[in-house]
There are 2 protein chains.
Amino acid sequence: MSKREALVEAAKSLLWERGFHAMSPREVLQRSRAGQGSLYHFFSGKEELAAVAMSAVAEEVSRRIEVTCGPGTGSGIDRLERFLMSDRDALRGCRLGRMAQDPDLPESLRSSVATAFERLRSVLERAVQDAQREGALHPDLDASALADTIIAVVQGGYVLARARGENEPMARVTGAMSALLMLLKPPQNEPVVARAPLGRPRSRKSAKRRT
Amino acid sequence: MSKREALVEAAKSLLWERGFHAMSPREVLQRSRAGQGSLYHFFSGKEELAAVAMSAVAEEVSRRIEVTCGPGTGSGIDRLERFLMSDRDALRGCRLGRMAQDPDLPESLRSSVATAFERLRSVLERAVQDAQREGALHPDLDASALADTIIAVVQGGYVLARARGENEPMARVTGAMSALLMLLKPPQNEPVVARAPLGRPRSRKSAKRRT
DNA sequence: GTCTATAGACAGATAGAC
DNA sequence: GTCTATCTGTCTATAGAC
């Protein structure tokens with residue numbers, strides 16, 4: 001492994017474990033067994049190294065989701081279920097979500113995180129649409145918004161898990177969300193006459209839109 | 001306002017805006033117009049000041065939720081709706097959730113965050129139970145897990161909003177979650193004969209439990 | 001109680017030899 | 001390309017005068 005690769009690998013693990021500010025050149029150098037010279041030879045400084053590392057992480061995460069939950073890996077509802085119930089080390093935190101919450105995060109890293117979340121939403125949106133087509137999910141649901149909501153539940157699971165210092169809240173909320181989806185099968189095919197309206201009249205998109 | 005109060009107020013705002021590590025004594029001192037002496041007279045150091053500030057924030061947030069969404073403030077479903085649709089400056093971030101994600105956060109601050117989330121869950125769990133009693137929400141749902149899931153959606157909304165650099169994802173996911181709840185009215189009262197089972201057989205609690 | 005001055009450690013970056 | 005030595009700034013904390 002080249003020194004450059006070693007530096008990026010060290011940066012990736014440190015970003016995950018300790019965040020951007022605590023990813024000091026000193027520690028990166030120790031882990032990668034490279035000297036200062038190498039770091040500043042390949043990169044303009046700490047930020048560029050971190051940006052390259054973050055970009056790699058985003059690509060890895062995106063690709064993995066696409067492979068495991070993309071179209072062709074099962075029914076829509078199965079893919080949603082598979083995503084929700086993936087094994088997660090909640091206390092370790094999400095490599096993407098944690099960065100998003102860092103107030104000091106430079107824009108060069110944030111944009112990678114944003115792109116990864118976009119790709120993830122795209123995969124889940126497709127799964128929701130398939131589930132609706134397959135009759136496993138209520139057709140009135142906004143696929144794009146529901147996809148983001150499923151992502152939000154997982155991200156929130158990380159937050160609650162870290163707050164409590166236990167993994168349990170993650171399984172708790174992903175399990176509940178999964179149960180919710182199971183309850184949301186559309187009305188049965190038999191000719192149903194004028195069932196009660198589904199919730200009060202409201203736009204299916206978010207009701208408020210700020211700025 | 002005493003110097004001590006001024007220090008705590010400065011710490012509270014800095015924790016929110018910039019996080020724990022960036023809350024430097026230097027900046028706290030500038031904002032509070034106190035000198036180094038005052039800080040180290042009232043507190044053992046940065047960490048103790050931050051812990052006191054965080055505890056105050058947690059208390060404020062908890063109390064506000066209890067006042068606006070607690071029992072006696074409307075029907076269960078209205079209280080859940082009110083919580084989900086509260087005005088939030090998503091880009092500014094959640095004072096509690098952001099701290100939870102900080103890898104460098106000392107235990108003395110984390111525990112305050114944990115307590116606040118516990119109180120919040122308690123308020124929402126009560127609202128879910130009331131909604132179920134009032135026939136506005138499906139009785140099969142686990143009230144405690146659903147309460148945590150609603151919290152998770154909001155926390156995830158913050159993450160997605162910050163990742164994208166826009167407020168919009170917050171309204172998007174809270175709106176979608178709200179719509180989901182509206183679809184989850186229990187089966188109508190009319191004697192329904194043998195409707196299809198609600199989702200596949202599964203425990204209502206989280207399906208997996210780690211550790 | 002509150003202040004200023006200063007210590008000691010480490011951050012991020014540069015210089016220059018090999 | 002890779003190294004070591006060094007620079008400058010900031011961090012958290014302490015000292016000691018008023």
Side-chain angles (χ1 to χ4, degrees), chain A residues 1-57 98-99 101-110 112, chain B residues 1-57 98-99 101-110 112:
Chain A
M1 181 159 59
S2 74
K3 290 284 181 186
R4 193 195 135 98
E5 288 173 85
L7 285 164
V8 173
E9 284 304 314
K12 279 161 62 178
S13 60
L14 277 168
L15 277 179
W16 191 1
E17 290 167 31
R18 333 220 329 164
F20 177 72
H21 103 268
M23 185 201 100
S24 65
R26 193 163 160 271
E27 260 185 293
V28 170
L29 265 23
Q30 279 177 352
R31 278 196 203 197
S32 62
R33 300 154 148 282
Q36 297 250 27
S38 297
L39 200 171
Y40 289 97
H41 173 71
F42 291 115
F43 306 96
S44 64
K46 165 180 171 168
E47 182 174 334
E48 189 178 289
L49 169 58
V52 169
M54 198 65 237
S55 174
V57 168
R98 169 173 294 174
M99 303 310 288
Q101 291 283 58
D102 184 345
D104 289 359
L105 198 76
E107 169 62 23
S108 54
L109 304 203
R110 195 201 57 77
S112 292
Chain B
M1 181 157 59
S2 74
K3 291 285 182 187
R4 194 194 134 97
E5 287 173 86
L7 285 164
V8 173
E9 283 306 312
K12 278 161 62 178
S13 60
L14 276 168
L15 278 179
W16 191 1
E17 290 168 30
R18 333 222 332 175
F20 178 72
H21 104 268
M23 183 201 101
S24 65
R26 193 164 160 272
E27 258 185 295
V28 170
L29 265 23
Q30 281 178 350
R31 277 198 204 195
S32 63
R33 298 154 148 283
Q36 297 249 31
S38 297
L39 200 171
Y40 289 96
H41 175 69
F42 290 115
F43 306 96
S44 64
K46 165 179 170 169
E47 182 176 333
E48 189 179 290
L49 169 58
V52 169
M54 197 65 238
S55 172
V57 166
R98 171 174 294 177
M99 302 309 289
Q101 291 283 59
D102 184 345
D104 289 357
L105 198 74
E107 169 62 22
S108 54
L109 305 204
R110 194 199 57 77
S112 291

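Note on naming: letters A, B, ... go to the chains in the order of the sequence lines (proteins, then strands), and numbering restarts at 1 for each one.
In this structure, B/Ser24 has no side chain to side chain donor-acceptor pair (under 3.5 Å) partners at least two apart in sequence or on a different chain. A/Arg4 pairs by the side chain to side chain donor-acceptor pair (under 3.5 Å) definition with nothing, not counting sequence neighbours. For the side-chain contact (heavy atoms from CB on, under 4.5 Å) test, residues two or more places apart in sequence or in another chain that qualify with A/Pro25 are A/Leu39, A/Tyr40, A/Lys46. In this view, B/Glu48 satisfies the salt bridge (Lys or Arg N to Asp or Glu O under 4.0 Å) rule with no residue, not counting sequence neighbours. In this structure A/Glu27 satisfies the salt bridge (Lys or Arg N to Asp or Glu O under 4.0 Å) test together with A/Arg18, sequence neighbours excluded. In this structure A/Lys12 satisfies the side chain to side chain donor-acceptor pair (under 3.5 Å) test together with A/Glu9, A/Glu60, sequence neighbours excluded.
Looking at A/Met23 and A/Leu49, their side chains come closer than 4.5 Å, going by heavy atoms from C-beta outward.
Within residues 38-56 of chain B, the residues approached by DNA chain C to less than 4.0 Å at the level of any non-hydrogen atom are B/Ser38, B/His41, B/Phe42, in residue-number order. For the contact set between residues 11-27 of chain B and DNA chain D, defined by any heavy atom under 4.0 Å, the members are B/His21, B/Ser24, B/Pro25, B/Arg26.
Atom CG in B/Leu15 sits 4.5 Å away from atom CE in B/Met99 (nearest 0.5 Å).
For the pair A/Gly19 and B/Pro103, the tightest heavy-atom approach, listed with the atom from each and the gap, is N-CG, 4.0 Å. Here the closest heavy-atom approach between residue A/Ser55 and residue A/Ser112 is recorded as CA-OG, 3.6 Å. Smallest separation of non-hydrogen atoms from A/Leu7 and A/Ala34: CD2-CB, 4.0 Å.
For B/Leu29 and C/dA5, the CG to P distance is 14 Å, given to the nearest whole Å. Atom pair A/Glu5:CD and D/dG1:C1' shows a separation of 15 Å (rounding to whole Å applied). Taking atom CD of residue A/Gln30 and atom P of nucleotide D/dT4, one finds them 13 Å apart after rounding to whole Å.
Screening residues 29-45 of chain A for salt bridge (Lys or Arg N to Asp or Glu O under 4.0 Å) gives A/Glu17-A/Arg31 as the qualifying pairs, with residues at least two apart or on separate chains. Residue pairs meeting the ring pair (Phe, Tyr, Trp, His ring centres under 6.0 Å) criterion with at least one member in residues 2-36 of chain A, sequence neighbours excluded, are A/His21-B/His21.
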Which atom pairs link the protein and nucleotides 5-8 of chain D when you take only N or O atoms and keep those under 3.5 Å?
none

Just the atom pairs and distances: protein N or O near nucleotides 16-18 of chain C's N or O, under 3.5 Å.
none

